[in-house]
Number of protein chains: 2
Amino acid sequence: MRASALKDDVSFLLARANALSLSAGHAALAPFNLRVRSYSILALVADDIRPSQRDIAEHLRLDPSQVVSLIDDLQTRGLVKRDPDPTDRRTNVVVMTDEGRELFRSAHDAVRAAERDLHSHLSPDQRERLSELLLLVAFPD
Amino acid sequence: MRASALKDDVSFLLARANALSLSAGHAALAPFNLRVRSYSILALVADDIRPSQRDIAEHLRLDPSQVVSLIDDLQTRGLVKRDPDPTDRRTNVVVMTDEGRELFRSAHDAVRAAERDLHSHLSPDQRERLSELLLLVAFPD
DNA sequence: TATTGTTATACTCTATAACTATA
DNA sequence: TATAGTTATAGAGTATAACAATA
């Protein structure tokens, strides 16, 4: 069964690997009341890049309209806030609050632990190479 | 932006790579009136493994109840059919029809072409290694 | 008792179009 | 004329529980 036409199909392997990773991620994030997508936004904002909602949408491959409600939720919970961009009154810049930073730190640890667990059968070298190759595929530019 | 906390996060890269691959896949499959999931079922059935619906569900990480409606659709279109398993009257074995085989062949070509295009910036060696590593991650057993 | 396929339901995610305020 | 954010809506994907037939 493993040796089906799909087994050398990179798209299929990608889909299955991602499904496993998503499950593990959601399980790890549940205690923090975060989903993978809200966690990703926190991660993006955590670096003090001050991204606009548009930046977030593009980097996370989300529609701008989805970002609205995700940020709404995070803002309601006091984890991020919207700052007006002084140079363009149309755009909001998303920044992290102290509570957000703290929650993200714990969530980040949990995610890393889950990931380490999920890939425990890979050698450090294999993990490294996987990461490099995936970066190429995820950001082909 | 590319250099955010997420860039060395395998889960994130996996998610983004999969999103790109899904888009390309859906675009390639649209002319055949297939979605990625129905295509995957065809691919699994195409090898004459005669999988049960349960087998399909497990291998594709779908809930058995989802498989029902996917097979319903494919069967209505005459692409697959359900054969009773002689050794266990509870289970259906899913097999391909001639039309199904023919459609799958064309769809398979289209998917391969799209995939080749999507990974055209990788060397053959990199593609090979990516495939091997993903197989390890997708099937950790 | 446990398992296969099935039905039903609710929730999340994804995709699209249209609107407003700014540029 | 184009872009950022927003609202609304519909469709696809996901998760769960319960049931009949069979093992």
Side-chain angles (χ1 to χ4, degrees), chain A residues 11-12 14-16 18-27 29-30 33-41 45 50-76 80-95, chain B residues 1 12 14-16 18-27 29-30 33-41 45 50-76 80-95:
Chain A
S11 320
F12 168 67
L14 220 38
R16 199 177 203 276
N18 181 50
L20 293 174
S21 156
L22 265 181
S23 305
H26 280 135
L29 290 170
N33 247 300
L34 290 172
R35 308 280 304 166
V36 164
R37 295 166 80 194
S38 39
Y39 168 80
S40 305
I41 291 190
V45 175
R50 302 180 63 83
S52 70
Q53 296 188 190
R54 219 75 185 191
D55 293 335
I56 293 174
E58 276 168 33
H59 199 258
L60 262 32
R61 278 188 60 87
L62 297 172
D63 191 87
S65 65
Q66 302 169 27
V67 176
V68 173
S69 52
L70 286 165
I71 301 282
D72 280 351
D73 174 58
L74 293 174
Q75 190 168 34
T76 303
V80 304
K81 63 186 177 42
R82 287 181 237 238
D83 268 7
D85 181 338
T87 74
D88 186 337
R89 278 192 295 172
R90 289 173 305 180
T91 90
N92 296 325
V93 142
V94 184
V95 295
Chain B
M1 191 75 164
F12 169 68
L14 220 38
R16 198 176 205 276
N18 182 49
L20 292 173
S21 157
L22 264 180
S23 306
H26 280 134
L29 290 170
N33 246 301
L34 290 172
R35 307 281 303 167
V36 165
R37 296 166 80 192
S38 40
Y39 168 80
S40 304
I41 291 191
V45 174
R50 303 179 64 80
S52 71
Q53 297 188 189
R54 219 76 187 189
D55 292 336
I56 294 174
E58 275 167 33
H59 199 260
L60 262 33
R61 278 189 62 88
L62 297 172
D63 191 87
S65 65
Q66 301 170 28
V67 176
V68 174
S69 53
L70 286 166
I71 301 282
D72 280 351
D73 174 59
L74 293 174
Q75 189 168 34
T76 303
V80 304
K81 63 184 175 45
R82 286 181 237 238
D83 268 7
D85 182 338
T87 72
D88 185 337
R89 281 192 291 174
R90 288 174 306 180
T91 90
N92 296 325
V93 142
V94 184
V95 295

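Sequence lines set the chain letters: A, B, ... in the order given, protein chains first and strands last, and positions in each chain run from 1. Scope of the values below: all heavy atoms of this structure, side chains included, with no hydrogens, waters or symmetry mates.
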Do A/S52 and A/D55 meet the criterion of a side-chain donor-acceptor pair at a distance under 3.5 Å?
yes
What is the distance from CG of A/D55 to P of D/dT3, rounded to the nearest Å?
14 Å
For C/dT4, take OP1 and OP2 only and decide whether either is under 4.0 Å from a side-chain N or O of B/R89.
no
Spacing of B/Q53 atom CD and B/L70 atom CG [to the nearest 0.5 Å]:
10.0 Å
Would A/H26 and A/L22 count as a side-chain contact (heavy atoms from CB on, under 4.5 Å) here? Give the steps.
CA-CA 6 Å; A/H26 280 135; A/L22 265 181; 4.0 Å; yes
Its contact letters, B for base, S for sugar-phosphate only and - for none at protein heavy atoms under 4.0 Å, make nucleotides 9-17 of chain D read ---SSBBB-
Expressed in angstrom and rounded to an integer, what is the separation of A/N18 atom CG from C/dC13 atom C1'?
13 Å
Please report, rounded to the nearest Å, how far the C1' atom of C/dT4 is from the CG atom of B/D85.
11 Å
Please state how far atom CG in B/D72 lies from atom C1' in C/dA8, giving the value in whole angstrom units.
14 Å
Specify the closest pair of heavy atoms between B/I56 and B/V45, including all atoms of both residues, with the distance to one decimal.
CD1-CG2, 4.3 Å
B/S21 to A/L14 - nearest heavy-atom pair and separation:
CB-CD2, 3.9 Å
Between C/dT22 atom C1' and A/N92 atom CG, what is the distance in whole Å?
12 Å
Let's go through A/D83 and A/R50 carefully: what are the C-alpha distance in whole Å and the side-chain angles of both, what is the deciding distance for side-chain contact (heavy atoms from CB on, under 4.5 Å) to 0.1 Å, and is it a yes or a no?
CA-CA 9 Å; A/D83 268 7; A/R50 302 180 63 83; 3.6 Å; yes
Measuring from the side chain of B/D88 (C-beta onward, heavy atoms only), which nucleotide among D/dG5, C/dG5, D/dA23 has the closest atom?
D/dA23
For A/R54, report the nucleic acid contact type (base, sugar-phosphate, nothing); a contact means any heavy atom under 4.0 Å.
base
Counting any heavy atom closer than 4.0 Å, what does A/S52 reach on the DNA or RNA strands: base, sugar-phosphate only, or nothing?
sugar-phosphate
Interatomic distance, A/R90 CZ vs C/dA21 P [rounded to whole Å]:
14 Å
For B/R82 and C/dG5, what is the distance between atoms CZ and C1' respectively, to the nearest whole Å?
8 Å
Does any part of the side chain of A/R35, heavy atoms only, come nearer than 4.5 Å to the side chain of A/L29, both counted from C-beta?
no
